[in-house]
Amino acid sequence: MARRKKIYEGKAKTLYEGPEPGTIVQYFKDDATAFNAEKKDVIEGKGVLNNLLSEYFMLGLGQIGVPTHFLKRLNMREQLVRSCEIIPLEVIVRNYAAGTMSKRLGIDEGTQLPRPIVEYCYKDDALGDPLVTEEHIAAFGWASQQDMDDILSLALRVNDFMSGVMLAVGIRLVDFKIEIGRVYDGDFQRLVVADEISPDSCRLWDIETGQKLDKDVFRRDLGSLTDAYSEVARRLGVMPNNPPAPSKPTLVN
């Protein structure tokens, strides 16, 4: 394959120019970071698992009509995605109190929230991705009110889908974060779920034991991150030695 042009390198992925205009190759690295990259390590196999799991979730979302930037998986570490303009926000959906919410509000970790709570953080590593309100988003022009309505709708649809898929395999979806991108077709703009959905961007707890199956294993030194991610992949039927096309997600009504 001809040498590709690198567009961007982040903490967990590297982006390259795609083979066709409007496409990007997304490469999943084995790097693990926490606490705004203050803690770092290389976890062998993490990138492969996240690539497979993100493909699984993105395909599942597409099947229920949620638009994403995902086009196809190219190999064990790469996927082809649509090029899009990323809105500079992390969209966080919380079903249970955990992490910064527990610290911020003094709520015991694991407390079920009265309803899903959607929060927004401004994407800026140097600032530590600070929490912002819709007032900030409107004032600084990061997204319009129509965008925010659409983002909220997308986030809650992803939550419904992910919660059902995880419940079916005995995993509680505590919270997750997504990124949203703008895709342009001429003068027409639409919003899509972008970046990735994986145990890197979700909190996943075993329903029976409370065992953590997400990046908190790395953050809190709770054991092997690869084992935790592999357990999620095993339960969903998505493993590196499986055929390339993952099984369809199981929805719970």
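The figures here come from the full heavy-atom set of this structure, side chains too, leaving out hydrogens, waters and symmetry mates.
Under the 4.0 Å criterion applied to side-chain N and carboxylate O atoms, K46 and D41 are not assigned as salt-bridge partners. With respect to D216 and R219, a salt bridge is recorded, a charged nitrogen being found less than 4.0 Å from a carboxylate O.
How far CD of E231 is from OG1 of T226: 13.0 Å, rounded to the nearest 0.5 Å. Once rounded to the nearest 0.5 Å, the distance linking CD1 of I24 with CZ of R4 reads 12.0 Å. Interatomic distance, T209 OG1 to K212 NZ, rounded to the nearest 0.5 Å: 9.5 Å. Note: K13 NZ to R77 CZ = 13.5 Å, rounded to the nearest 0.5 Å. From Q79, atom CD reaches atom CG of L74 across 8.0 Å, with rounding to the nearest 0.5 Å. Taken from OG in S54 to CG in L49, the straight-line distance is 12.0 Å, to the nearest 0.5 Å.
Residue pairs meeting the ring pair (Phe, Tyr, Trp, His ring centres under 6.0 Å) criterion with at least one member in residues 103-145, sequence neighbours excluded, are Y122-W142, F140-W142. Pairs passing the ring pair (Phe, Tyr, Trp, His ring centres under 6.0 Å) check and including a residue from residues 12-33, sequence neighbours excluded, do not occur. Note on residues 102-115: pairs passing side chain to side chain donor-acceptor pair (under 3.5 Å), not counting sequence neighbours, are R104-E119, E109-R220.
Listed for the N159 side chain is no donor-acceptor partner under 3.5 Å among the backbone atoms of L156. Between the side chain of D214 and the main chain of L204, a donor-acceptor pair closer than 3.5 Å is present. Checking side-chain atoms of K29 against main-chain N and O of G10 turns up a donor-acceptor pair under 3.5 Å. No donor-acceptor pair closer than 3.5 Å links the side chain of S163 to the backbone N or O of D160. Not a single donor-acceptor pair under 3.5 Å links the side chain of T14 to the backbone N or O of K6. Side-chain atoms of N51 come within 3.5 Å of backbone atoms of M76 as a donor-acceptor pair (strictly under, hydrogens ignored). Listed for the K215 side chain is a donor-acceptor partner under 3.5 Å among the backbone atoms of T33. Remark: the backbone N or O of F188 is not paired with any side-chain donor or acceptor of D185 at under 3.5 angstrom. Side-chain atoms of R235 come within 3.5 Å of backbone atoms of G170 as a donor-acceptor pair (strictly under, hydrogens ignored). Although no hydrogens or angles enter the test, the distance criterion places no donor-acceptor pair under 3.5 Å between the side chain of N95 and the main chain of D175.
Atom CD of Q145 is surrounded by more than 12 heavy atoms from other residues, nucleotides or ligands within 6.0 Å.
For Y96, the ring pair (Phe, Tyr, Trp, His ring centres under 6.0 Å) test picks out no residue, with sequence neighbours left out.
When all heavy atoms of L53 and A233 are compared, the closest pair comes out as CD2-CA, 3.9 Å. Taking both residues in full, the closest heavy atoms of C84 and A194 are given as SG-CB, 4.0 Å, listed atom of the first, atom of the second, then distance. The shortest heavy-atom contact between Y229 and P199 is CE1-CB, 3.3 Å. Between A143 and I87, the closest heavy-atom pair is CB-CG2, 4.4 Å. Residues A155 and F176 come closest through the heavy atom pair O-CZ, 3.7 Å. For the residue pair E196 and S198, the shortest heavy atom distance occurs at OE1-OG, 2.7 Å.
Counting only heavy atoms from C-beta outward, the side chains of K11 and D31 never approach each other to under 4.5 Å. Using a 4.5 Å heavy-atom threshold, the side chains of I151 and V118 count as separate. With contacts defined as side-chain heavy-atom distances shorter than 4.5 Å, the pair L167/I207 qualifies. In this structure, V81 and M58 have side chains that are not in contact, with every pair of non-hydrogen atoms separated by 4.5 Å or more.
In summary, the side chains of T100 and R94 do present a donor paired with an acceptor at a separation below 3.5 Å, with no hydrogens or angles considered. Residues D150 and S153 bring no donor and acceptor atom of their side chains to less than 3.5 Å of each other.
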Checklist entry - What do the steps show when you test D227 against S230 for side-chain hydrogen bond (donor to acceptor under 3.5 Å, both in side chains), and what is the final call? => result CA-CA 5 Å; D227 287 350; S230 294; 5.4 Å; no
Show me the donor-acceptor pairs within less than 3.5 Å that the side chains of residues 64-72 make with the rest of the protein, sequence neighbours left out.
| unit_1 | atom_1 | unit_2 | atom_2 | d |
| --- | --- | --- | --- | --- |
| T68 | OG1 | F70 | N | 3.2 |
| H69 | NE2 | D195 | N | 3.4 |
| H69 | NE2 | D195 | O | 3.1 |

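In the hydrophobic clustering, where aliphatic and aromatic side chains (Ile, Leu, Val, Met, Phe, Trp, Tyr) are joined below 4.5 Å either directly or transitively, Y184 stands alone.
Tested against W205 for a side-chain contact (heavy atoms from CB on, under 4.5 Å), the candidates I171, V174, L173 yield a single pass: V174.
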